[in-house]
Every structure is written in structure tokens, then in C-alpha cells.
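Following: one structure in C-alpha cells, then a few remarks.
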Amino acid sequence: MIKHRKNRWWICGLLWVASAIFSLPLVVMISGSLKSSEELARNPYGLVPESWSWNNYLDSLQSMPFTIYLTNTILLCVGCVVGTTLSCALVAYGLSRVPWRGRGLAFGLVVATMLLPWHITMIPRFVLISEIGLYNSLWAIILPTFLGEAFFIFLLRQFFMTIPEQLLEAGRIDGLSHWGLFWNIVIPLSKPALATVGLFQFVQTWNDFGGPLLYLNDPQKFPLAYGLERFVSSYSDQTHLLLAAAVLFTLPVIILFFLAQKTFIQGISTTGIKG
Amino acid sequence: MFTGLLFCSPWMIGFLLLFVWPFVASLYWSLCRFDLINRPRWVGLDNYLRLVSEIGTDQGFGLALSNTVYYAALSVPLSVVIGVLLATLLSAKVRGQSVYRTLVFLPSVIPVVAASILWLWLLDPNDGLINYGLSWIGMDSQNWLNQSRSAFSGESVGVLSGWISGEPLRLFGSKDALVLMTVWGVGNFVVIYLAAISDIPNALYEAAEMDGASSIRKFWHITIPMLSPVIFFNLVMGLIRSVQTFTSVYVLSEGTGQPGGSLMMLSLQLFLSAFNDFEMGYASAMSWILFVVLLIATIVLFRTSRYWVHYRVAA
């Protein structure tokens, strides 16, 4: 929007300062995670470590039951991604491609639930999960995703609406039922949208702290996000190990972000949700 | 009809089990004494009266409410202002634009638990990066997470007068630190503003340039009005999000809301009342007050929006 040539230099300057301020914490986190504890205390913010202590990463992995945490995180992510994409695709199809009375109302209710804060439902959901015997089980977190998630239903519905009616009509002439149309036409055409939903759900589950805090109490069941928080209190004097663990935990998300940057950005700008 | 219901059945079940029933149960429990083990016992409005009596005091609900209001009042407007300014800058067509965009956006992708660990270190009062940066521009080092007093509080007057007589100026406390960390993660709002800026028709800027408008006038009279619907959306979302802030305060204070209860936000207070003190009735009543307050705030925002939000008439 700002076009005059003479303005260029101060805009570049401001951009440079702003992006330096925003990325500096990340840069010092990475360089800090590669310093020995002695160097970190003496020179915490030198950008290049004097000696690269790669074994910080190994040490941080060994100071917590990393494989257990990682396995639990992966189980949770796989379960939640499968649950969300499956249930949300079904519901979105029902809300976009099957005409039925009350569909508009149902869609309105889906949108309304997006705006409700989690506070009110937290305690009853906890009671419900405990009553059906899922307390301290990973299913406590996975199972609800099989019942749909408003944001993703919304996202997929908008996408399904753009599929040309002629394609579905052709399928109907070939004798496909709604079930057949859904699996053979809508799902194959919606792979990018489904990938967006899967990606967002993956990141959400990977980062989730509240769910495990509420539903899990056996360290054998902890995922990384929760295990990492427990690590903070017991290793508060070992900053180099904490930083290494934080970098390791962040790395998969960053890699995914760079691999699917467009999807991330589009997902956020169309729905306003945080990944 | 039947097929449609069948496809929607996962959501219908979820809606009944995870929304409708919880709302009814929570409303009932908010009128009871309930500790999860014994059956809920009806106590009428006792929980609500207790909550109301705590408003204005510096304990329980009153403390959490004032903490949350302080945090929201500072972080929401700051996120909007900084977000819009950054997006405007990042929309300039300069070389390396996509690199700048990525660098500003990246912090908002960092998992909250990891970001909190990082900030615990950056905010260290003795050798933290933030204080190091402040000393560069000639400011005294701040106590950040070790200080319960916030910058914008009555007691800061005393600190300022002490500063005039030569004492170090230690204004910022734990809630200001939390605001700082929140603003660092403003990237996903920036993305939304950027998308909206790219939708502004270029003809508007060209017409303004023809009339000799400066960059600042163009920003103020074209960019801001055209962005106002998105600013409004982000204000509402930011408000809801700030009131729900939980993970960062939990990690920063190790689940205690310390120092001096200054990080005891409503969500944390609610969680601790429910799952540390097992006062489900009291916590449920708190969640309802919170819900009503948020609802009123949102409605007020919607009401004022007609005076400043400019909706484009569809062409």
C-alpha cells in the first residue's frame, strides 16, 4: 500500500527492527540450548555458542521419560486427527449436501458453540468422562473428537459448498447413495481441506496442556506438553536442559509450519483460529 | 431428512453430551454444594452471594477478576494496535517481504508450554534478555515475574516519586510480563489483518494519491476504515481469548498464581477451586458469572461497533 520510493528506506528499517525483535527470543532459545550450563551462566545471550553442546539434547531426553511421553503424544495426535477429520467431514456433508428440515438451525447451533468459553462445560465434562470410566485414559481426550469440532465442521462445510452440483448429480445418475457420493466424490475432491483440518488438529493436540492436566494423573500416560511442564519445576536450575527440551518439543511444529506454510496462513485468515 | 440426521449424528450426540447437558448440570451445580464424592446438596444462591461478596476484595474471585480485567484491558488493545501497525508495515512491497512476515508470524506457532519456558528465562530479573535490552536503552532492570505489583496501579505513583529521588524505577510486574509475552504471539492476528489489507481495492489508494494524500493520511482514512470489520472481529476474539488464558499462567506460576496471587487469572482460579479445593458448586457459579460478563462485554462491543465499524456495501 505504501508505494513512494523515498519511503522505502525507513519502511525497510522498521521491518528489520520489528522482525529482529520478534525473532530474537527464538534465536537465543536455540543458541542457549546449545551452550554448556557454565557458558549459559557466563554469557547467556551471545548468539553463537563457543562450544556446541549437542549433548544437552541427549541429556534433556534422558532426564525425563521421553519415549513414554512421545508415544503418548503420538497416540493422542493420531487418535484426535482421525476422530476430527472423520466426524467433521460426515457432519459437514450432512450440513451442506443433504437437504433436510432443520439444517439451517443445526448449522446456526454449530456456529454458536464456537463462541462458548470452555469454563462452563469443563466440570460437567470431567464428571461425564469419569462416570464412563475414562479418567486417566488417553481416550478421555480422543473420544470427544469423534463427536465433531465446530470450527472444523464450519471450515469443511464451506469447502463442500464449492463442489459443483453437476458432479454429485452425475454420481446420483450412476446410482450412488449419499453414502456413496460422500466417499467416492466429496472426500477425494476435498483432500486439501481435509489436510488443513488434520494439520490444525495435529498441532492443537500436540500443544494441548489443559486436557492432559484435567484428565491424566499417571505419569505413564503423560504426553510431552504436560511432561515438559512437570520438568520445569524439577529442573528450574538447569536452564540449558530446559531450553533444549523446549526446542525439541517445538521443532516438529516449526517443521510442519514450514512444510505447509500456505495451509497454515490460509486456515488462520479464513477462520481466525490459532493452530 | 433421515439421511441428513444420520450424517450429522456425531455432532448431535456431541452437542447433547458436551454442551446441552453440561450447561444444565453446571447451572444446577452452581446452586449446590458439590465435592464430586457426595451428592450435590442444594444451597440456593449461596455460591453466587459468596462470589459477589469477594468482588472488590483482594482475595478469591475478586483478586482473579481484577487480575483478568487488568490483563485483558492491556493485552487486547495492545494486540490490536501492534497487530494493525505490523500488518501495514508487512504489506509494503519490499524485497524480503515474505521473510519479514515469517519472522513476525513464527512466535505465534510456538507451543504455549515451550514459549512459557522460554519467557521464564528471558524475564529473569538478574540476567534475562529483556532486562538486558532495557539496560541498552538506559532503563533500570525490572522484577517481572518476581513482582506482584503491576505498572498501571496506584502504587506506581510512589515508585515514580521514589525514582525522582534517585531510586531505581521498577515498574513492571508479573502481569505486565504476561502482556509482553502475549503481544509477542500477535502473529496470527497479523495474518488476519494482512489478508484483509490485500482485499482493499488499490483504486482507493490511487485516488487518494491523486489528491496528494500522505502515507499517514492514507493509513488513517483508507486502511483503518477498511480494516474496521476485521479489527472488530479480532477485538471480540482477543477478549474471549484473554479471559480464557490458562496454560501460560499455569506454566509461568507453576499452577500457583504466584507471586502474591498476581497471576491468579479467572481460569486458573476456577480450575483450582474445582480440582484442588473440590468446590464444584462455587467453581460452576464462577463460570456462569464469567460467561455472563463475557456476553455483556461482547454485546457492548457489538453495540458500539455501529459507530466505528465500516462495512463495505457489496458491489
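Naming: A, B, ... by sequence-line order, numbering from 1 per chain.
Among F34(B), F15(B), Y250(B), the residue with the largest count of heavy-atom pairs under 4.5 Å with chain A is Y250(B). The residue among L24(A), L95(A), L14(A), L109(A) with the most heavy atom pairs within less than 4.5 Å of chain B is L109(A). When each of I254(A), T239(A), L147(A) is checked for heavy-atom pairs under 4.5 Å with chain B, L147(A) comes out on top. Chosen from S23(A), G210(A), P25(A), the residue pairing most often with chain B at heavy-atom distances under 4.5 Å is P25(A). Ranked by non-hydrogen atom pairs under 4.5 Å with chain A, the options F23(B), Y132(B), W119(B) are led by F23(B). The residue among G133(B), A283(B), C8(B), A115(B) with the most heavy atom pairs within less than 4.5 Å of chain A is C8(B). When the candidates S287(B), G14(B), G187(B) are compared by the number of heavy-atom contacts under 4.5 Å with chain A, S287(B) comes out ahead. In terms of heavy-atom pairs under 4.5 Å with chain A, the best-connected choice from E254(B), Q244(B), R95(B) is Q244(B). In terms of heavy-atom pairs under 4.5 Å with chain B, the best-connected choice from L224(A), V127(A), T113(A) is T113(A). No other option in L242(A), V253(A), V28(A), D208(A) has as many heavy-atom pairs under 4.5 Å with chain B as V28(A). With chain B as the partner, the residue from R103(A), R230(A), E229(A), Q261(A) showing the most heavy-atom pairs under 4.5 Å is E229(A).
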> Can you list the steps and then say if R125(A) with L17(B) is a side-chain contact (heavy atoms from CB on, under 4.5 Å)?
Replying inline: CA-CA 8 Å; R125(A) 281 184 187 190; L17(B) 283 182; over 6 Å; no

>> Show, in sequence, the C-alpha distance, side-chain angles and deciding distance for L243(A) and W121(B), and conclude whether the side-chain contact (heavy atoms from CB on, under 4.5 Å) test is met.
In response: CA-CA 9 Å; L243(A) 291 176; W121(B) 177 54; 3.7 Å; yes

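In this structure, L294(B) and P117(A) have side chains that are in contact, with non-hydrogen atoms separated by less than 4.5 Å. Between L5(B) and W100(A), some side-chain heavy-atom pair lies under the 4.5 Å cut-off. I120(A) has its side chain within reach of W288(B): a pair of non-hydrogen atoms, C-beta onward, lies under 4.5 Å apart. Looking only at side-chain heavy atoms (C-beta outward), F2(B) and V98(A) stay at 4.5 Å or farther from each other.
Partner L15(A) forms a side chain to side chain contact (heavy atoms under 4.5 Å, CB included) with one of V104(B), L103(B), L89(B) and no other, that one being L89(B).
Sparse packing is recorded around CH2 of W16(A), with 12 or fewer heavy atoms of other residues, nucleotides or ligands lying under 6.0 Å away. With a 6.0 Å radius and a threshold of 12 heavy atoms from other residues, nucleotides or ligands, R42(A) has its CZ atom above the threshold.
For chain B, the nearby part of I153(A) is the side chain; its heavy atoms alone come within less than 4.5 Å. Heavy atoms of L120(B) lying under 4.5 Å from chain A belong exclusively to its side chain. Using a 4.5 Å cut-off between heavy atoms, M12(B) contacts chain A through its side chain alone, with no backbone atom that close. Contact annotation for F126(A): only side-chain heavy atoms (C-beta onward) come within less than 4.5 Å of a heavy atom of chain B. Proximity to chain B (any heavy atom under 4.5 Å) is shown, for V110(A), by both the backbone and the side chain. With a 4.5 Å cut-off on non-hydrogen atoms, F246(B) touches chain A through its side chain but not through its backbone. Contact of V99(B) with chain A is not made at all, since no heavy-atom distance falls under 4.5 Å. For a residue to count as touching a neighbouring chain, one of its non-hydrogen atoms must lie under 4.5 Å from one of that chain's; by this rule L295(B) does not touch chain A. Contacts of F146(A) with chain B are made by backbone atoms alone, with heavy-atom separations under 4.5 Å and no side-chain atom involved. Only the side chain of I117(B) comes within less than 4.5 Å of a heavy atom in chain A; its backbone stays farther off. For chain A, the nearby parts of L18(B) are the backbone and the side chain; heavy atoms of each come within less than 4.5 Å. Proximity to chain B is limited to the side chain of F258(A), based on heavy atoms less than 4.5 angstrom apart.
Annotation for Y45(A) and L122(B): closest pair OH-CA, 4.4 Å, computed over non-hydrogen atoms. Residues F22(A) and V183(B) approach most closely at CE2-O, 3.8 Å, considering heavy atoms. Taking each heavy atom of S267(B) and H119(A) in turn, the nearest pair found is OG-NE2, 3.3 Å. W21(B) approaches P124(A) most closely through the heavy-atom pair CZ3-O, 3.3 Å. Of all non-hydrogen atoms in V113(B) and A225(A), the two that sit nearest each other are CG1-O, 3.7 Å. Between P111(B) and F249(A), the shortest heavy-atom contact is CB-CE2, 3.4 Å.
The distance from atom CG of L118(B) to atom CD1 of I30(A), rounded to the nearest 0.5 Å, is 10.0 Å. Distance check, rounded to the nearest 0.5 Å: OG1 of T121(A) to CZ of F19(B) gives 6.0 Å. Considering CE of M29(A) and CG of L129(B), their distance stands at 13.0 Å, rounded to 0.5 Å. Taking CZ of F7(B) as the start and CG of L90(A) as the end, the distance is 6.0 Å to the nearest 0.5 Å. In this structure, CZ on F275(B) lies 4.5 Å from CG on L214(A), to the nearest 0.5 angstrom. Note that the CZ atom of F271(B) and the CD1 atom of I123(A) stand 10.5 Å from one another [nearest 0.5 Å].
Aromatic ring orientation, F105(B) versus F257(A): tilted (interplanar angle from 30° to 60°).
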